[in-house]
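Some notes on the structure that comes next.
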Amino acid sequence: PSPSSPPPSPPATTIEESGEYQDCVRDPACKDIVLPLRSLVSTIPTDMGEFTGLTRINLVDNHLTGTIPTELGDLPLLRRFNAPLNSLTGPIPGELFSAPLLRDVVVYGNLLTGPIPTGIGECTSCVVVELMKNSLTGSLPTELGELDAVTHFEAKSNSLTGCIPSEIGLMGSVAKLVLDSNGLSCTIPTEIGMLTTLVEVDLCHNLLVGPIPTEVGQLVALTSWRSCDNQLSGALPSELVGLPALEVLDVSRNMHNSALPSNLAGATALRRFLAYENDLTGGLPAVLSGLTALRVLRLENNPELGGVIPTTLTGLVEARTINLDNTGIAGPIPASLLAGAAELRVLSLANNSLTGSVPATAGDLESLRVLCINDNSLSCVLPTELVNLDSLVELYTQRNLGGQPGPNSCELPTEIGELTSLKRWENDHNFHTTLPTEVGALGALTQLYMHKVPLAGCLPTEMGELSSLKIWSSYETELSCSIPTELGKLTSLLHMRLFNSSFGGCVPTELGELSTLLSLEAYDNSLECAIPPQLADMSDLRLLDLSNNTLTGCIPTELGIMPNLAALRFSANSLGCTIPSELGGMAALTDLRLPDNSLTGPIPVELASNSMLEVLFIQRNSLTGTIPPEFGIDCALTWLQLQQNSLTGAIPADLASCPFYDSAVDDESKKCWLTVCVPDHVTNIFDGPPPEEVCDECVIITFKSPP
């Protein structure tokens with residue numbers, strides 16, 4: 001039989017173990033060491049500098065450590081050194097740039113430190129230098145001016161400081177200059193205008209000051225200028241805006257304080273214009289209509305821009321995003337703004353002084369995904385035509401005049417259910433009085449904010465069909481009737497806020513089926529009947545607040561099995577019976593509030609023994625017996641209210657171990673927040689004087705001995 005083949009050699013884990021390296025050891029005239037994506041964990045061997053035939057070293061995306069050997073600069077034929085996405089440390093050796101034929105130095109995504117070496121100026125054959133995403137420091141060397149063959153120079157995401165040297169204007173072949181995300185300061189040198197081959201400039205996220213030099217108008221090949229997030233000021237130079245090839249202009253997050261240049265109409269190639277968060281003035285010029293290639297227009301947060309949206313502003317047929325939030329614009333939304341904008345995805349006009357109605361032409365924006373018209377004075381925020389927006393995912397209409405009586409007023413249309421892609425709708429602080437039953441057809445809806453709206457009548461039972469709903473906020477309304485039992489079908493719901501309305505009837509037992517619910521807030525209503533024990537089935541619940549209703553009966557003992565409940569609040573109801581001892585076994589409970597009920601019996605020892613409990617309000621009930629001394633064992637209480645009960649016995653001295661807090665006391669050593677009696681309303685009758693450990697220097701404890 002033929003002998004079996006020998007097992008394959010294990011993969012190399014170091015450069016020295018690789019076949020490519022071993023070939024060079026045997027033949028120093030080898031041309032390439034190409035080892036990308038090999039998971040190598042070694043350093044770069046210094047004797048690699050002895051392989052005099054090397055033209056290319058490719059070590060991309062390994063786990064290499066250590067420094068870049070200075071010996072690599074001795075390689076007479078080396079053209080490309082690529083070692084990005086490793087963990088190389090130390091400085092970039094200036095000797096590396098001495099290799100006479102070196103074209104590419106690509107070392108981004110390492111841990112390199114120190115300054116860019118002045119020796120970089122010796123690399124007169126260099127074409128590509130990529131140093132980004134390291135920890136380089138110091139200033140840009142003036143020797144960059146000697147790199148007259150470089151077409152790509154990138155040093156973003158380092159910690160470079162100081163000024164951009166004027167010698168940068170001597171980099172006569174550079175097409176891509178990327179210096180963003182450093183700490184560069186001073187002004188942009190006027191010599192940048194000498195770089196007539198520049199195609200892309202990125203100076204964002206630095207500390208640059210002063211104006212953009214008008215000399216940038218000489219950059220006739222420029223397609224992208226980004227100087228966002230600096231401290232640049234002055235006017236936006238018309239010379240920059242008028243560049244014929246310019247496609248991207250991002251001057252956002254600066255302090256430019258002029259009107260928009262009047263020659264914007266000539267920027268026919270401009271696709272992205274971002275000037276948000278500046279101090280622009282002078283209103284929206286109608287010449288924006290000339291930007292027929294424009295896809296993104298973002299001018300938000302220029303509150304002094306002002307004016308109105310010109311009715312002649314048309315022709316933005318390629319627009320994908322228009323954001324004019326907080327620009328001080330007033331008046332109506334002209335239909336012309338939206339004419340032909342079939343590709344528009346985001347329209348944001350929030351936080352202005354817009355009036356009237358949303359034009360019916362908004363219903364033609366078949367690609368619209370996000371509409372923000374909140375915080376204006378619009379009277380009709382949701383015209384019937386808007387329900388044609390099949391792609392709409394987010395709708396923000398809150399804080400307007402929607403539904404308020406007036407010439408252009410409108411209620412929510414019954415066709416609202418046709419927005420079948422809608423996931424988030426914020427419509428709070430409007431004046432609608434009816435909630436159409438068709439809202440229940442919004443099957444994709446995950447967040448609904450309809451609070452502080454004077455909705456009247458009953459909550460539609462169709463709300464139970466919102467199977468994707470996670471957050472529902474409808475507090476401070478005028479909704480009455482009972483909470484529909486159908487809400488128990490909202491099995492994706494995380495937060496339900498129905499407080500401070502006029503809901504009556506019983507708490508539906510079906511709410512116990514909401515196993516994913518984290519918070520249920522239905523306080524300040526007119527709920528009655530007993531608390532259903534089925535609520536204990538909401539195993540993920542963290543907050544349950546049914547305070548300020550007219551609930552009766554006993555607190556269900558079943559609530560004690562809720563593993564995640566941290567806050568249980570039943571204040572100001574008509575609950576009777578005793579406090580269930582099972583509440584003391586709730587492992588997550590930190591906040592228990594049961595004041596202003598008719599609870600009787602003793603304070604459960606199990607409750608006093610709960611070392612997680614931080615807030616306990618059980619005042620103004622009919623509790624009897626003594627204060628359990630267990631309160632002082634592993635006590636976490638910062639706030640304990642026991643007044644106006646019928647407690648007797650001694651105040652346990654061990655209460656002094658509790659970290660009671662009183663915000664009225666400045667001295668940290670004297671802070672406490674414990675109330676067992678209050679003046680003129682004392683019903684607790686305790687024995688003997690109060691323990692000094694508990695009451696000494698405590699400003700809000702009062703004590704009344706029995707007669």
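Please read all numbers here as calculations on a predicted model, not as lab measurements.
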What residue among N302, L236, V241 forms side-chain contact (heavy atoms from CB on, under 4.5 Å) with L260? L236
By salt bridge (charged side-chain N to carboxylate O under 4.0 Å, His left out), D325 pairs with (sequence neighbours left out) none
Can you name the salt bridge (charged side-chain N to carboxylate O under 4.0 Å, His left out) partners of E277, sequence neighbours left out? R253
Partners meeting side chain to side chain contact (heavy atoms under 4.5 Å, CB included) with P383 (sequence neighbours left out): V358, C380, E385, L386
Qualifying residues under side chain to side chain contact (heavy atoms under 4.5 Å, CB included), relative to S238, sequence neighbours excluded: P261, N263
Residue set satisfying ring pair (Phe, Tyr, Trp, His ring centres under 6.0 Å) with H205, at least two apart, ordered chain then number -> none
Keeping to residues at least two apart or across chains, list the salt bridge (charged side-chain N to carboxylate O under 4.0 Å, His left out) pairs with something in residues 151-164. E154-K176
Side chain proximity check, L177 to D202, heavy atoms < 4.5 angstrom: no
Sequence neighbours excluded, the answer for side chain to side chain donor-acceptor pair (under 3.5 Å) partners of R320 is E318
Which of V105, L147, L96, I92 passes side-chain contact (heavy atoms from CB on, under 4.5 Å) with I120? It is L147
Give me each pair satisfying side-chain hydrogen bond (donor to acceptor under 3.5 Å, both in side chains) with a member in residues 95-106, each pair once, sequence neighbours excluded. R80-D104, S98-E122
Looking at N206, is its backbone amide N or carbonyl O close enough to the side chain of N182 to form a donor-acceptor pair, meaning the two atoms are under 3.5 Å apart? no
Looking at every heavy atom in both P100 and L75, which two are closest together, and how far apart are they? CD-O, 4.0 Å
Side chain to side chain contact (heavy atoms under 4.5 Å, CB included) with T190: which residues, sequence neighbours excluded? P213, E215
So, does N323 use its side chain to make a donor-acceptor pair with the main chain of L349 at under 3.5 Å? no
If you look only at pairs with a residue in residues 134-151, which of them pass as a side-chain hydrogen bond (donor to acceptor under 3.5 Å, both in side chains), with sequence neighbours excluded? none
Sorted by chain and residue number, the side chain to side chain contact (heavy atoms under 4.5 Å, CB included) partners of N257 (sequence neighbours excluded) come out as D279
Do any side-chain atoms of residues 332-347 form donor-acceptor pairs under 3.5 angstrom with protein atoms, and if so which ones, sequence neighbours left out?
| unit_1 | atom_1 | unit_2 | atom_2 | d |
| --- | --- | --- | --- | --- |
| S336 | OG | T311 | O | 2.6 |
| E343 | OE1 | R345 | NH1 | 2.9 |
| R345 | NH1 | E343 | O | 2.7 |

